Number of protein chains: 2
Amino acid sequence: MIHNRNKCEKCIDSQNSIFKVLNQREKELLTKHRICTNYKKGEIIFREGDRPSGLICLCEGKVKVFKEGVGGREQIIRMAKPIGFIGYRAMFAGDNYISSALAIEDCEICMIEKEILIKLIKSNSDLALEFINTFAIELGFSNNRTVTLTQKHIRGRLAESLLFLKDTFGYEEDKATIKVYLSREDLANLSNMTTSNAIRTLSSFATEKVLAIDGRRLKILNLKELSKISELG
Amino acid sequence: MIHNRNKCEKCIDSQNSIFKVLNQREKELLTKHRICTNYKKGEIIFREGDRPSGLICLCEGKVKVFKEGVGGREQIIRMAKPIGFIGYRAMFAGDNYISSALAIEDCEICMIEKEILIKLIKSNSDLALEFINTFAIELGFSNNRTVTLTQKHIRGRLAESLLFLKDTFGYEEDKATIKVYLSREDLANLSNMTTSNAIRTLSSFATEKVLAIDGRRLKILNLKELSKISELG
DNA sequence: GTTTGATTATGTTATTTAACACAAATATAA
DNA sequence: TTATATTTGTGTTAAATAACATAATCAAAC
(Lines give C-alpha, C1' and ligand atoms only; values in the text may rest on other atoms or scores of the structure.)
Protein backbone atom coordinates (compact mmCIF):
# COMPACT_ATOMS: atom_id res chain seq x y z
CA MET A 1 0.00 0.00 0.00
CA ILE A 2 1.73 3.14 -1.24
CA HIS A 3 0.19 6.61 -1.29
CA ASN A 4 0.40 8.10 -4.69
CA ARG A 5 1.05 11.69 -5.67
CA ASN A 6 0.07 11.34 -9.31
CA LYS A 7 -3.63 11.28 -8.68
CA CYS A 8 -5.75 9.37 -11.13
CA GLU A 9 -7.94 11.35 -13.46
CA LYS A 10 -10.56 8.99 -14.71
CA CYS A 11 -12.26 8.08 -11.42
CA ILE A 12 -13.96 11.42 -11.35
CA ASP A 13 -13.71 12.69 -14.90
CA SER A 14 -14.42 9.67 -17.08
CA GLN A 15 -17.67 9.38 -18.99
CA ASN A 16 -18.18 5.99 -17.32
CA SER A 17 -17.92 7.52 -13.90
CA ILE A 18 -20.99 7.87 -11.75
CA PHE A 19 -19.67 11.38 -11.03
CA LYS A 20 -20.35 12.51 -14.58
CA VAL A 21 -23.55 14.05 -13.22
CA LEU A 22 -21.54 16.53 -11.11
CA ASN A 23 -20.70 20.05 -12.18
CA GLN A 24 -17.16 21.39 -12.27
CA ARG A 25 -17.24 22.87 -8.77
CA GLU A 26 -18.54 19.64 -7.28
CA LYS A 27 -15.89 17.62 -9.08
CA GLU A 28 -13.20 19.89 -7.71
CA LEU A 29 -14.49 19.40 -4.19
CA LEU A 30 -14.28 15.66 -4.74
CA THR A 31 -10.79 15.91 -6.20
CA LYS A 32 -9.60 17.86 -3.20
CA HIS A 33 -10.88 15.32 -0.70
CA ARG A 34 -9.49 12.06 -1.92
CA ILE A 35 -6.41 10.00 -1.29
CA CYS A 36 -4.94 7.84 -4.03
CA THR A 37 -3.16 4.63 -3.17
CA ASN A 38 -1.40 1.82 -4.97
CA TYR A 39 -1.71 -1.84 -4.07
CA LYS A 40 0.48 -4.64 -5.33
CA LYS A 41 -1.04 -7.83 -6.68
CA GLY A 42 -1.96 -10.03 -3.74
CA GLU A 43 -2.38 -7.20 -1.22
CA ILE A 44 -5.50 -6.89 0.89
CA ILE A 45 -7.37 -3.62 0.41
CA PHE A 46 -9.77 -4.16 3.29
CA ARG A 47 -10.76 -7.02 5.56
CA GLU A 48 -14.08 -8.32 6.84
CA GLY A 49 -14.71 -6.43 10.08
CA ASP A 50 -12.70 -3.33 9.17
CA ARG A 51 -14.37 0.04 9.46
CA PRO A 52 -14.83 1.81 6.11
CA SER A 53 -13.18 5.20 6.05
CA GLY A 54 -14.62 6.38 2.79
CA LEU A 55 -15.76 5.46 -0.68
CA ILE A 56 -13.17 3.41 -2.53
CA CYS A 57 -12.97 3.86 -6.27
CA LEU A 58 -10.93 1.38 -8.29
CA CYS A 59 -9.05 3.35 -10.98
CA GLU A 60 -6.70 0.67 -12.21
CA GLY A 61 -6.34 -3.09 -11.75
CA LYS A 62 -8.70 -5.86 -10.77
CA VAL A 63 -10.07 -6.81 -7.37
CA LYS A 64 -11.85 -9.81 -5.92
CA VAL A 65 -14.35 -9.26 -3.12
CA PHE A 66 -14.97 -12.31 -0.99
CA LYS A 67 -16.44 -13.60 2.24
CA GLU A 68 -15.07 -16.23 4.56
CA GLY A 69 -17.72 -18.86 5.15
CA VAL A 70 -17.93 -22.12 7.05
CA GLY A 71 -14.48 -23.39 8.02
CA GLY A 72 -12.74 -20.42 6.39
CA ARG A 73 -14.01 -21.48 2.98
CA GLU A 74 -13.93 -18.49 0.66
CA GLN A 75 -16.82 -17.36 -1.51
CA ILE A 76 -16.11 -14.68 -4.10
CA ILE A 77 -19.04 -12.26 -4.02
CA ARG A 78 -17.99 -9.84 -6.70
CA MET A 79 -15.19 -8.97 -9.12
CA ALA A 80 -14.36 -5.31 -9.61
CA LYS A 81 -12.75 -3.54 -12.54
CA PRO A 82 -12.05 0.14 -13.29
CA ILE A 83 -13.94 2.33 -12.95
CA GLY A 84 -15.93 0.91 -10.12
CA PHE A 85 -16.54 1.09 -6.41
CA ILE A 86 -15.55 -1.47 -3.83
CA GLY A 87 -16.79 -1.68 -0.29
CA TYR A 88 -19.44 0.97 -0.89
CA ARG A 89 -22.20 -1.17 0.59
CA ALA A 90 -20.65 -1.14 4.06
CA MET A 91 -20.00 2.58 3.86
CA PHE A 92 -23.60 3.39 2.97
CA ALA A 93 -25.06 0.90 5.43
CA GLY A 94 -22.94 2.39 8.21
CA ASP A 95 -21.62 -1.12 8.90
CA ASN A 96 -18.16 -2.53 9.08
CA TYR A 97 -17.14 -4.50 6.02
CA ILE A 98 -18.79 -7.89 5.74
CA SER A 99 -16.41 -8.95 2.98
CA SER A 100 -12.74 -8.61 2.16
CA ALA A 101 -11.11 -7.16 -0.96
CA LEU A 102 -7.85 -8.32 -2.50
CA ALA A 103 -5.96 -6.92 -5.49
CA ILE A 104 -5.60 -9.68 -8.07
CA GLU A 105 -3.52 -7.30 -10.19
CA ASP A 106 -1.53 -4.19 -9.26
CA CYS A 107 -4.18 -1.61 -8.42
CA GLU A 108 -4.68 2.08 -8.04
CA ILE A 109 -7.53 3.24 -5.87
CA CYS A 110 -8.96 6.58 -4.73
CA MET A 111 -10.56 6.96 -1.35
CA ILE A 112 -13.19 9.67 -1.07
CA GLU A 113 -14.12 11.00 2.38
CA LYS A 114 -17.53 9.85 3.47
CA GLU A 115 -18.64 13.27 4.70
CA ILE A 116 -17.86 14.92 1.39
CA LEU A 117 -19.66 12.20 -0.51
CA ILE A 118 -22.78 12.47 1.63
CA LYS A 119 -22.68 16.24 1.23
CA LEU A 120 -22.56 15.87 -2.54
CA ILE A 121 -25.38 13.32 -2.57
CA LYS A 122 -27.46 15.72 -0.51
CA SER A 123 -26.80 18.62 -2.82
CA ASN A 124 -27.07 16.73 -6.11
CA SER A 125 -30.05 14.44 -6.43
CA ASP A 126 -28.83 13.01 -9.72
CA LEU A 127 -25.86 11.57 -7.89
CA ALA A 128 -28.21 10.07 -5.31
CA LEU A 129 -30.24 8.44 -8.05
CA GLU A 130 -27.07 7.09 -9.64
CA PHE A 131 -26.11 5.38 -6.41
CA ILE A 132 -29.65 4.03 -5.99
CA ASN A 133 -29.42 2.61 -9.49
CA THR A 134 -26.01 1.06 -8.82
CA PHE A 135 -27.36 -0.64 -5.72
CA ALA A 136 -30.49 -1.86 -7.50
CA ILE A 137 -28.39 -3.47 -10.21
CA GLU A 138 -25.99 -5.11 -7.80
CA LEU A 139 -28.80 -6.41 -5.64
CA GLY A 140 -30.34 -8.03 -8.70
CA PHE A 141 -27.00 -9.60 -9.50
CA SER A 142 -26.65 -10.90 -5.97
CA ASN A 143 -30.15 -12.39 -5.96
CA ASN A 144 -29.48 -14.14 -9.25
CA ARG A 145 -26.23 -15.48 -7.91
CA THR A 146 -27.90 -16.91 -4.84
CA VAL A 147 -30.21 -18.99 -7.00
CA THR A 148 -27.51 -19.98 -9.47
CA LEU A 149 -24.99 -21.07 -6.88
CA THR A 150 -27.53 -23.07 -4.93
CA GLN A 151 -29.44 -24.71 -7.77
CA LYS A 152 -27.14 -25.27 -10.73
CA HIS A 153 -24.86 -28.25 -10.89
CA ILE A 154 -21.09 -27.98 -11.06
CA ARG A 155 -20.83 -27.67 -14.83
CA GLY A 156 -23.55 -25.05 -14.95
CA ARG A 157 -22.01 -23.05 -12.13
CA LEU A 158 -18.56 -23.02 -13.67
CA ALA A 159 -19.91 -22.22 -17.12
CA GLU A 160 -21.86 -19.31 -15.66
CA SER A 161 -18.79 -18.01 -13.84
CA LEU A 162 -16.78 -18.09 -17.05
CA LEU A 163 -19.50 -16.17 -18.87
CA PHE A 164 -19.64 -13.69 -16.00
CA LEU A 165 -15.87 -13.15 -16.19
CA LYS A 166 -16.07 -12.69 -19.93
CA ASP A 167 -18.93 -10.17 -19.57
CA THR A 168 -17.13 -8.31 -16.81
CA PHE A 169 -13.57 -8.18 -18.13
CA GLY A 170 -14.10 -8.82 -21.83
CA TYR A 171 -11.81 -10.53 -24.29
CA GLU A 172 -8.16 -10.14 -25.19
CA GLU A 173 -7.34 -9.00 -28.73
CA ASP A 174 -8.04 -12.51 -30.06
CA LYS A 175 -11.72 -11.96 -29.14
CA ALA A 176 -11.83 -15.30 -27.35
CA THR A 177 -9.47 -15.28 -24.37
CA ILE A 178 -11.06 -14.05 -21.17
CA LYS A 179 -9.23 -10.94 -20.00
CA VAL A 180 -8.64 -12.02 -16.43
CA TYR A 181 -6.27 -14.64 -15.05
CA LEU A 182 -7.54 -16.44 -12.02
CA SER A 183 -6.12 -19.43 -10.21
CA ARG A 184 -8.18 -22.61 -10.27
CA GLU A 185 -8.81 -21.97 -6.61
CA ASP A 186 -10.33 -18.56 -7.32
CA LEU A 187 -12.47 -20.02 -10.08
CA ALA A 188 -13.65 -22.62 -7.58
CA ASN A 189 -14.37 -19.99 -4.93
CA LEU A 190 -16.32 -17.97 -7.44
CA SER A 191 -18.37 -21.00 -8.46
CA ASN A 192 -18.95 -22.64 -5.10
CA MET A 193 -17.00 -25.83 -5.62
CA THR A 194 -13.72 -27.41 -4.57
CA THR A 195 -10.54 -26.64 -6.46
CA SER A 196 -10.30 -30.26 -7.62
CA ASN A 197 -13.75 -30.08 -9.16
CA ALA A 198 -12.97 -26.77 -10.87
CA ILE A 199 -9.87 -28.33 -12.41
CA ARG A 200 -11.73 -31.45 -13.49
CA THR A 201 -14.64 -29.53 -14.96
CA LEU A 202 -12.33 -27.14 -16.82
CA SER A 203 -10.57 -30.16 -18.30
CA SER A 204 -13.82 -31.67 -19.45
CA PHE A 205 -14.79 -28.34 -21.08
CA ALA A 206 -11.45 -28.50 -22.90
CA THR A 207 -12.05 -32.10 -23.98
CA GLU A 208 -15.44 -31.03 -25.31
CA LYS A 209 -13.73 -28.21 -27.25
CA VAL A 210 -15.77 -25.60 -25.41
CA LEU A 211 -12.61 -24.06 -23.96
CA ALA A 212 -8.93 -24.01 -24.81
CA ILE A 213 -6.78 -23.94 -21.69
CA ASP A 214 -3.25 -22.59 -21.53
CA GLY A 215 -2.36 -22.27 -17.86
CA ARG A 216 -4.61 -19.53 -16.60
CA ARG A 217 -5.48 -18.31 -20.07
CA LEU A 218 -8.97 -19.52 -20.84
CA LYS A 219 -10.10 -19.20 -24.43
CA ILE A 220 -13.77 -19.64 -25.19
CA LEU A 221 -14.03 -21.83 -28.31
CA ASN A 222 -17.78 -22.40 -28.29
CA LEU A 223 -19.71 -19.62 -26.65
CA LYS A 224 -23.09 -21.03 -27.62
CA GLU A 225 -22.32 -24.37 -26.01
CA LEU A 226 -20.94 -22.68 -22.89
CA SER A 227 -24.15 -20.66 -22.58
CA LYS A 228 -26.18 -23.82 -23.02
CA ILE A 229 -24.26 -25.58 -20.25
CA SER A 230 -24.83 -22.55 -18.03
CA GLU A 231 -28.56 -22.38 -18.75
CA LEU A 232 -29.30 -26.06 -18.35
CA GLY A 233 -27.63 -25.90 -14.96
CA MET B 1 -56.95 -8.28 -5.96
CA ILE B 2 -59.49 -5.72 -4.82
CA HIS B 3 -58.98 -1.97 -4.89
CA ASN B 4 -59.62 -0.47 -1.55
CA ARG B 5 -61.22 2.83 -0.69
CA ASN B 6 -60.20 2.89 2.95
CA LYS B 7 -56.62 3.86 2.32
CA CYS B 8 -54.05 2.70 4.81
CA GLU B 9 -52.54 5.32 7.06
CA LYS B 10 -49.36 3.84 8.37
CA CYS B 11 -47.48 3.31 5.10
CA ILE B 12 -46.79 6.99 4.90
CA ASP B 13 -47.37 8.25 8.40
CA SER B 14 -45.85 5.65 10.68
CA GLN B 15 -42.65 6.33 12.56
CA ASN B 16 -41.20 3.18 11.01
CA SER B 17 -41.90 4.45 7.54
CA ILE B 18 -39.05 5.59 5.37
CA PHE B 19 -41.30 8.55 4.53
CA LYS B 20 -40.98 9.96 8.04
CA VAL B 21 -38.32 12.29 6.60
CA LEU B 22 -40.94 14.01 4.41
CA ASN B 23 -42.75 17.19 5.36
CA GLN B 24 -46.52 17.48 5.42
CA ARG B 25 -46.84 18.82 1.89
CA GLU B 26 -44.68 16.03 0.51
CA LYS B 27 -46.66 13.41 2.40
CA GLU B 28 -49.88 14.77 0.97
CA LEU B 29 -48.49 14.54 -2.54
CA LEU B 30 -47.65 10.91 -1.86
CA THR B 31 -51.08 10.22 -0.39
CA LYS B 32 -52.76 11.67 -3.46
CA HIS B 33 -50.80 9.51 -5.87
CA ARG B 34 -51.24 6.04 -4.52
CA ILE B 35 -53.61 3.16 -5.04
CA CYS B 36 -54.43 0.78 -2.21
CA THR B 37 -55.24 -2.83 -2.96
CA ASN B 38 -56.15 -5.95 -1.04
CA TYR B 39 -54.82 -9.41 -1.82
CA LYS B 40 -56.14 -12.66 -0.47
CA LYS B 41 -53.79 -15.25 0.97
CA GLY B 42 -52.28 -17.21 -1.91
CA GLU B 43 -52.66 -14.45 -4.51
CA ILE B 44 -49.75 -13.36 -6.66
CA ILE B 45 -48.88 -9.67 -6.30
CA PHE B 46 -46.41 -9.62 -9.17
CA ARG B 47 -44.66 -12.16 -11.37
CA GLU B 48 -41.10 -12.52 -12.62
CA GLY B 49 -41.02 -10.65 -15.92
CA ASP B 50 -43.83 -8.19 -15.11
CA ARG B 51 -43.16 -4.49 -15.51
CA PRO B 52 -43.22 -2.56 -12.21
CA SER B 53 -45.76 0.23 -12.28
CA GLY B 54 -44.71 1.87 -9.06
CA LEU B 55 -43.37 1.42 -5.58
CA ILE B 56 -45.29 -1.22 -3.64
CA CYS B 57 -45.60 -0.71 0.09
CA LEU B 58 -46.88 -3.59 2.20
CA CYS B 59 -49.23 -2.13 4.86
CA GLU B 60 -50.73 -5.34 6.18
CA GLY B 61 -50.02 -9.05 5.86
CA LYS B 62 -46.98 -11.08 4.93
CA VAL B 63 -45.41 -11.72 1.56
CA LYS B 64 -42.85 -14.15 0.20
CA VAL B 65 -40.61 -13.02 -2.64
CA PHE B 66 -39.14 -15.84 -4.66
CA LYS B 67 -37.36 -16.76 -7.85
CA GLU B 68 -37.93 -19.75 -10.08
CA GLY B 69 -34.65 -21.54 -10.60
CA VAL B 70 -33.52 -24.68 -12.40
CA GLY B 71 -36.48 -26.90 -13.32
CA GLY B 72 -38.99 -24.50 -11.76
CA ARG B 73 -37.47 -25.02 -8.33
CA GLU B 74 -38.40 -22.10 -6.10
CA GLN B 75 -35.96 -20.13 -3.99
CA ILE B 76 -37.40 -17.69 -1.50
CA ILE B 77 -35.27 -14.55 -1.67
CA ARG B 78 -36.96 -12.45 0.94
CA MET B 79 -39.90 -12.31 3.35
CA ALA B 80 -41.71 -9.00 3.73
CA LYS B 81 -43.75 -7.66 6.61
CA PRO B 82 -45.45 -4.31 7.25
CA ILE B 83 -44.25 -1.68 6.80
CA GLY B 84 -41.93 -2.57 4.01
CA PHE B 85 -41.40 -2.37 0.30
CA ILE B 86 -41.63 -5.18 -2.18
CA GLY B 87 -40.39 -5.13 -5.73
CA TYR B 88 -38.58 -1.84 -5.24
CA ARG B 89 -35.33 -3.18 -6.67
CA ALA B 90 -36.82 -3.69 -10.13
CA MET B 91 -38.48 -0.31 -10.05
CA PHE B 92 -35.27 1.52 -9.21
CA ALA B 93 -33.16 -0.55 -11.60
CA GLY B 94 -35.58 0.19 -14.41
CA ASP B 95 -35.88 -3.56 -14.96
CA ASN B 96 -38.80 -5.89 -15.07
CA TYR B 97 -39.24 -7.98 -11.95
CA ILE B 98 -36.70 -10.77 -11.56
CA SER B 99 -38.69 -12.35 -8.76
CA SER B 100 -42.33 -13.01 -7.91
CA ALA B 101 -44.30 -11.99 -4.84
CA LEU B 102 -47.11 -13.95 -3.24
CA ALA B 103 -49.33 -13.04 -0.29
CA ILE B 104 -48.91 -15.71 2.39
CA GLU B 105 -51.58 -13.94 4.44
CA ASP B 106 -54.34 -11.54 3.42
CA CYS B 107 -52.53 -8.35 2.49
CA GLU B 108 -53.07 -4.68 1.97
CA ILE B 109 -50.65 -2.83 -0.26
CA CYS B 110 -50.21 0.72 -1.50
CA MET B 111 -48.79 1.42 -4.91
CA ILE B 112 -47.02 4.75 -5.31
CA GLU B 113 -46.50 6.15 -8.78
CA LYS B 114 -42.90 5.98 -9.89
CA GLU B 115 -42.79 9.53 -11.25
CA ILE B 116 -44.01 11.01 -7.99
CA LEU B 117 -41.52 8.97 -6.01
CA ILE B 118 -38.60 10.03 -8.19
CA LYS B 119 -39.75 13.63 -7.91
CA LEU B 120 -39.77 13.37 -4.13
CA ILE B 121 -36.35 11.73 -4.05
CA LYS B 122 -35.03 14.55 -6.21
CA SER B 123 -36.48 17.22 -3.98
CA ASN B 124 -35.70 15.59 -0.63
CA SER B 125 -32.20 14.26 -0.25
CA ASP B 126 -32.97 12.64 3.10
CA LEU B 127 -35.42 10.37 1.34
CA ALA B 128 -32.74 9.50 -1.19
CA LEU B 129 -30.32 8.59 1.59
CA GLU B 130 -33.00 6.47 3.25
CA PHE B 131 -33.43 4.45 0.08
CA ILE B 132 -29.67 4.13 -0.32
CA ASN B 133 -29.49 2.82 3.23
CA THR B 134 -32.33 0.36 2.64
CA PHE B 135 -30.54 -0.99 -0.42
CA ALA B 136 -27.21 -1.24 1.38
CA ILE B 137 -28.78 -3.28 4.16
CA GLU B 138 -30.63 -5.61 1.83
CA LEU B 139 -27.53 -6.14 -0.31
CA GLY B 140 -25.62 -7.16 2.79
CA PHE B 141 -28.38 -9.57 3.68
CA SER B 142 -28.35 -11.03 0.18
CA ASN B 143 -24.58 -11.50 0.21
CA ASN B 144 -24.75 -13.25 3.55
CA ARG B 145 -27.48 -15.48 2.28
CA THR B 146 -25.46 -16.49 -0.75
CA VAL B 147 -22.67 -17.77 1.46
CA THR B 148 -25.00 -19.40 3.97
CA LEU B 149 -27.10 -21.23 1.44
CA THR B 150 -24.08 -22.50 -0.45
CA GLN B 151 -21.82 -23.44 2.41
CA LYS B 152 -23.86 -24.54 5.40
CA HIS B 153 -25.22 -28.04 5.66
CA ILE B 154 -28.91 -28.83 5.84
CA ARG B 155 -29.26 -28.49 9.60
CA GLY B 156 -27.37 -25.21 9.62
CA ARG B 157 -29.40 -23.80 6.76
CA LEU B 158 -32.73 -24.68 8.31
CA ALA B 159 -31.66 -23.42 11.74
CA GLU B 160 -30.61 -20.13 10.19
CA SER B 161 -33.92 -19.81 8.34
CA LEU B 162 -35.83 -20.34 11.56
CA LEU B 163 -33.75 -17.68 13.29
CA PHE B 164 -34.31 -15.37 10.35
CA LEU B 165 -38.08 -15.89 10.54
CA LYS B 166 -38.02 -15.27 14.27
CA ASP B 167 -35.99 -12.06 13.81
CA THR B 168 -38.24 -10.86 11.00
CA PHE B 169 -41.68 -11.70 12.36
CA GLY B 170 -41.01 -12.03 16.07
CA TYR B 171 -42.73 -14.26 18.58
CA GLU B 172 -46.34 -14.87 19.51
CA GLU B 173 -47.46 -13.88 23.01
CA ASP B 174 -45.79 -17.01 24.45
CA LYS B 175 -42.42 -15.49 23.48
CA ALA B 176 -41.38 -18.72 21.82
CA THR B 177 -43.64 -19.46 18.85
CA ILE B 178 -42.46 -17.94 15.59
CA LYS B 179 -45.09 -15.50 14.34
CA VAL B 180 -45.35 -16.82 10.80
CA TYR B 181 -46.89 -20.05 9.54
CA LEU B 182 -45.15 -21.52 6.55
CA SER B 183 -45.65 -24.84 4.85
CA ARG B 184 -42.78 -27.31 5.01
CA GLU B 185 -42.37 -26.65 1.31
CA ASP B 186 -41.88 -22.90 1.90
CA LEU B 187 -39.41 -23.62 4.70
CA ALA B 188 -37.55 -25.87 2.27
CA ASN B 189 -37.60 -23.24 -0.47
CA LEU B 190 -36.28 -20.67 1.95
CA SER B 191 -33.48 -22.97 3.06
CA ASN B 192 -32.46 -24.48 -0.26
CA MET B 193 -33.43 -28.08 0.38
CA THR B 194 -36.13 -30.55 -0.59
CA THR B 195 -39.41 -30.64 1.29
CA SER B 196 -38.62 -34.14 2.58
CA ASN B 197 -35.38 -32.95 4.06
CA ALA B 198 -37.05 -29.94 5.68
CA ILE B 199 -39.59 -32.28 7.31
CA ARG B 200 -36.92 -34.71 8.46
CA THR B 201 -34.67 -31.99 9.84
CA LEU B 202 -37.56 -30.30 11.66
CA SER B 203 -38.40 -33.64 13.25
CA SER B 204 -34.86 -34.13 14.42
CA PHE B 205 -34.87 -30.62 15.93
CA ALA B 206 -38.03 -31.65 17.79
CA THR B 207 -36.44 -34.90 18.97
CA GLU B 208 -33.51 -32.88 20.25
CA LYS B 209 -35.92 -30.57 22.09
CA VAL B 210 -34.71 -27.57 20.15
CA LEU B 211 -38.17 -27.04 18.68
CA ALA B 212 -41.71 -27.98 19.56
CA ILE B 213 -43.79 -28.62 16.47
CA ASP B 214 -47.56 -28.32 16.29
CA GLY B 215 -48.51 -28.35 12.64
CA ARG B 216 -47.11 -25.14 11.25
CA ARG B 217 -46.62 -23.62 14.68
CA LEU B 218 -42.93 -23.76 15.45
CA LYS B 219 -41.94 -23.03 19.02
CA ILE B 220 -38.29 -22.42 19.78
CA LEU B 221 -37.43 -24.33 22.94
CA ASN B 222 -33.67 -23.84 22.91
CA LEU B 223 -32.59 -20.68 21.16
CA LYS B 224 -28.95 -21.06 22.15
CA GLU B 225 -28.76 -24.53 20.67
CA LEU B 226 -30.55 -23.40 17.50
CA SER B 227 -28.03 -20.57 17.10
CA LYS B 228 -25.20 -23.03 17.62
CA ILE B 229 -26.55 -25.33 14.93
CA SER B 230 -26.86 -22.34 12.62
CA GLU B 231 -23.33 -21.11 13.30
CA LEU B 232 -21.58 -24.44 13.01
CA GLY B 233 -23.18 -24.87 9.61
C1' DG C 1 20.80 -23.46 -10.30
C1' DT C 2 18.81 -25.64 -6.67
C1' DT C 3 15.50 -25.81 -3.22
C1' DT C 4 11.05 -24.87 -1.55
C1' DG C 5 6.44 -23.88 -1.78
C1' DA C 6 2.36 -23.23 -4.42
C1' DT C 7 -0.53 -24.66 -8.07
C1' DT C 8 -2.40 -27.97 -11.15
C1' DA C 9 -3.82 -32.57 -12.09
C1' DT C 10 -5.96 -37.15 -11.29
C1' DG C 11 -7.71 -41.14 -8.95
C1' DT C 12 -10.43 -43.16 -4.93
C1' DT C 13 -13.54 -43.10 -1.19
C1' DA C 14 -16.94 -41.14 1.84
C1' DT C 15 -20.66 -38.07 2.70
C1' DT C 16 -24.38 -35.32 1.77
C1' DT C 17 -28.46 -34.63 -0.21
C1' DA C 18 -31.75 -35.21 -3.93
C1' DA C 19 -34.97 -38.25 -6.07
C1' DC C 20 -38.33 -41.45 -5.71
C1' DA C 21 -41.99 -44.21 -3.72
C1' DC C 22 -45.66 -44.56 -0.85
C1' DA C 23 -48.48 -44.01 3.38
C1' DA C 24 -50.84 -41.18 6.73
C1' DA C 25 -52.90 -37.06 8.07
C1' DT C 26 -55.15 -32.90 7.11
C1' DA C 27 -57.61 -29.51 4.56
C1' DT C 28 -60.88 -28.39 0.89
C1' DA C 29 -64.68 -28.99 -1.94
C1' DA C 30 -68.74 -31.39 -3.66
C1' DT D 1 -71.01 -36.40 5.14
C1' DT D 2 -67.96 -38.26 1.56
C1' DA D 3 -64.69 -37.57 -1.99
C1' DT D 4 -60.51 -35.35 -3.52
C1' DA D 5 -56.54 -32.79 -3.24
C1' DT D 6 -52.83 -31.19 -0.59
C1' DT D 7 -49.58 -31.48 2.95
C1' DT D 8 -46.84 -34.09 6.03
C1' DG D 9 -44.12 -38.01 7.21
C1' DT D 10 -40.80 -41.98 6.47
C1' DG D 11 -37.99 -45.36 4.20
C1' DT D 12 -34.83 -46.60 0.19
C1' DT D 13 -31.94 -45.72 -3.57
C1' DA D 14 -29.22 -42.98 -6.58
C1' DA D 15 -26.57 -39.06 -7.77
C1' DA D 16 -23.65 -35.27 -6.93
C1' DT D 17 -19.92 -33.52 -4.84
C1' DA D 18 -16.63 -33.04 -1.05
C1' DA D 19 -12.70 -34.99 1.15
C1' DC D 20 -8.57 -37.13 0.88
C1' DA D 21 -4.27 -38.85 -1.10
C1' DT D 22 -0.58 -38.33 -4.06
C1' DA D 23 1.96 -36.93 -8.07
C1' DA D 24 3.45 -33.69 -11.48
C1' DT D 25 4.31 -29.13 -12.85
C1' DC D 26 5.41 -24.48 -12.26
C1' DA D 27 7.10 -20.27 -9.91
C1' DA D 28 9.66 -17.89 -6.50
C1' DA D 29 13.25 -17.41 -3.18
C1' DC D 30 17.68 -18.31 -1.77
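Residue numbers start from 1 in every chain, and the chains themselves are labelled A, B, ... in the order their sequence lines are given, proteins ahead of strands. In this text the structure is predicted, and so the values were computed from the model without any measurement.
Checking side-chain atoms of B/Asp50 against main-chain N and O of B/Arg47 turns up a donor-acceptor pair under 3.5 Å. With hydrogens and angles ignored, the 3.5 Å screen pairs a side-chain donor or acceptor of A/Ser191 with a backbone N or O of A/Leu187. Between the A/Thr177 side chain and the A/Leu218 main chain, no donor and acceptor come within less than 3.5 Å of each other. Panel note: side chain B/Thr150, backbone B/Val147; a donor-acceptor pair is recorded below 3.5 Å.
None of A/Arg145, A/Arg89, A/Arg78 except one satisfies the salt bridge (charged side-chain N to carboxylate O under 4.0 Å, His left out) rule with A/Glu138; the exception is A/Arg78.
Contact annotation for B/Arg155: no contact, since no heavy-atom pair falls under 4.0 Å across all strands. At a threshold of 4.0 angstrom between heavy atoms, the contacts of B/Asn192 are confined to the sugar-phosphate backbone, with no base atom among them.
The CG atom of B/Leu218 sits 14 Å away from the C1' atom of D/dT7 (whole-angstrom rounding). As rounded to whole Å, 12 Å separates atom P of D/dA18 from atom CG of A/Leu158. At whole-Å resolution of the value, NZ in B/Lys152 and P in D/dA18 are 18 Å apart. Taking atom CG on B/Asp214 and atom P on D/dT7, their separation rounds to 18 Å, with Å as the unit. In this structure, the CD1 atom of A/Ile154 is 12 Å from the C1' atom of D/dA15, given to the nearest Å. Atom CE in A/Met193 sits about 18 Å away from atom C1' in C/dT15, given to the nearest Å. Atom C1' of nucleotide D/dT12 and atom CG of B/Asn197 are separated by 13 Å, given to the nearest angstrom. As a whole-Å value, the separation of A/Arg73 CZ from D/dT17 C1' is 10 Å.
Residues in residues 95-114 of chain B take part in these ring pair (Phe, Tyr, Trp, His ring centres under 6.0 Å) pairs, two or more places apart or across chains: B/Phe46-B/Tyr97.
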Identify the pairs formed between an N or O of the protein and an N or O of nucleotides 4-9 of chain C at a distance under 3.5 Å, and give each distance.
{"unit_1": "C/dT7", "atom_1": "O3'", "unit_2": "A/Arg216", "atom_2": "NH2", "d": "3.3"}
{"unit_1": "C/dT8", "atom_1": "OP1", "unit_2": "A/Arg216", "atom_2": "NE", "d": "3.0"}
{"unit_1": "C/dT8", "atom_1": "OP2", "unit_2": "A/Arg184", "atom_2": "N", "d": "2.9"}
{"unit_1": "C/dA9", "atom_1": "OP2", "unit_2": "A/Arg184", "atom_2": "NE", "d": "3.0"}
{"unit_1": "C/dA9", "atom_1": "OP2", "unit_2": "A/Arg184", "atom_2": "NH2", "d": "3.2"}

Each nucleotide N or O in nucleotides 25-30 of chain C that has a protein N or O under 3.5 Å away: list the pair and distance.
none

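At C/dG11, none of the side-chain N or O atoms of A/Arg200 fall inside 4.0 Å of OP1 or OP2 (strictly under the cut-off).
Here the nucleotide nearest the side chain of A/His153, chosen from D/dA16, C/dT10, C/dA19, is D/dA16.
More than 12 heavy atoms of other shown residues, nucleotides or ligands fall within 6.0 angstrom of atom NZ in B/Lys114.
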Sequence neighbours excluded and cut-off under 3.5 Å, please list the side-chain donor-acceptor pairs for residues 62-77 of chain B, or say none.
{"unit_1": "B/Lys62", "atom_1": "NZ", "unit_2": "B/Glu105", "atom_2": "OE2", "d": "2.8"}
{"unit_1": "B/Lys62", "atom_1": "NZ", "unit_2": "B/Lys179", "atom_2": "O", "d": "3.1"}
{"unit_1": "B/Lys64", "atom_1": "NZ", "unit_2": "B/Glu74", "atom_2": "OE2", "d": "2.9"}
{"unit_1": "B/Lys64", "atom_1": "NZ", "unit_2": "B/Asp186", "atom_2": "OD1", "d": "2.7"}
{"unit_1": "B/Lys67", "atom_1": "NZ", "unit_2": "A/Asn144", "atom_2": "OD1", "d": "2.6"}
{"unit_1": "B/Lys67", "atom_1": "NZ", "unit_2": "B/Ile98", "atom_2": "O", "d": "3.0"}
{"unit_1": "B/Arg73", "atom_1": "NH2", "unit_2": "B/Asn192", "atom_2": "OD1", "d": "2.6"}
{"unit_1": "B/Gln75", "atom_1": "NE2", "unit_2": "B/Asn189", "atom_2": "O", "d": "3.1"}
{"unit_1": "B/Gln75", "atom_1": "NE2", "unit_2": "B/Leu190", "atom_2": "O", "d": "3.4"}

Contacts table for residues 226-233 of chain A: side-chain donor-acceptor under 3.5 angstrom, sequence neighbours left out:
{"unit_1": "A/Ser227", "atom_1": "OG", "unit_2": "A/Leu223", "atom_2": "O", "d": "2.8"}
{"unit_1": "A/Ser230", "atom_1": "OG", "unit_2": "A/Lys152", "atom_2": "NZ", "d": "3.2"}

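Note that the CZ atom of A/Phe205 and the OG1 atom of A/Thr207 stand 10.5 Å from one another [nearest 0.5 Å]. Distance check: B/Ile104 CD1 to B/Lys81 NZ gives 12.5 Å after rounding to the nearest 0.5 Å.
Aromatic ring orientation, B/Tyr88 versus B/Phe135: tilted (interplanar angle from 30° to 60°).
Comparing the end axes of the helix from C/dG1-D/dC30 to C/dA30-D/dT1, each fitted to five base pairs by superposing C1' atoms of four pairs onto the next four, gives an inter-axis angle of 50° (nearest 10 degrees).
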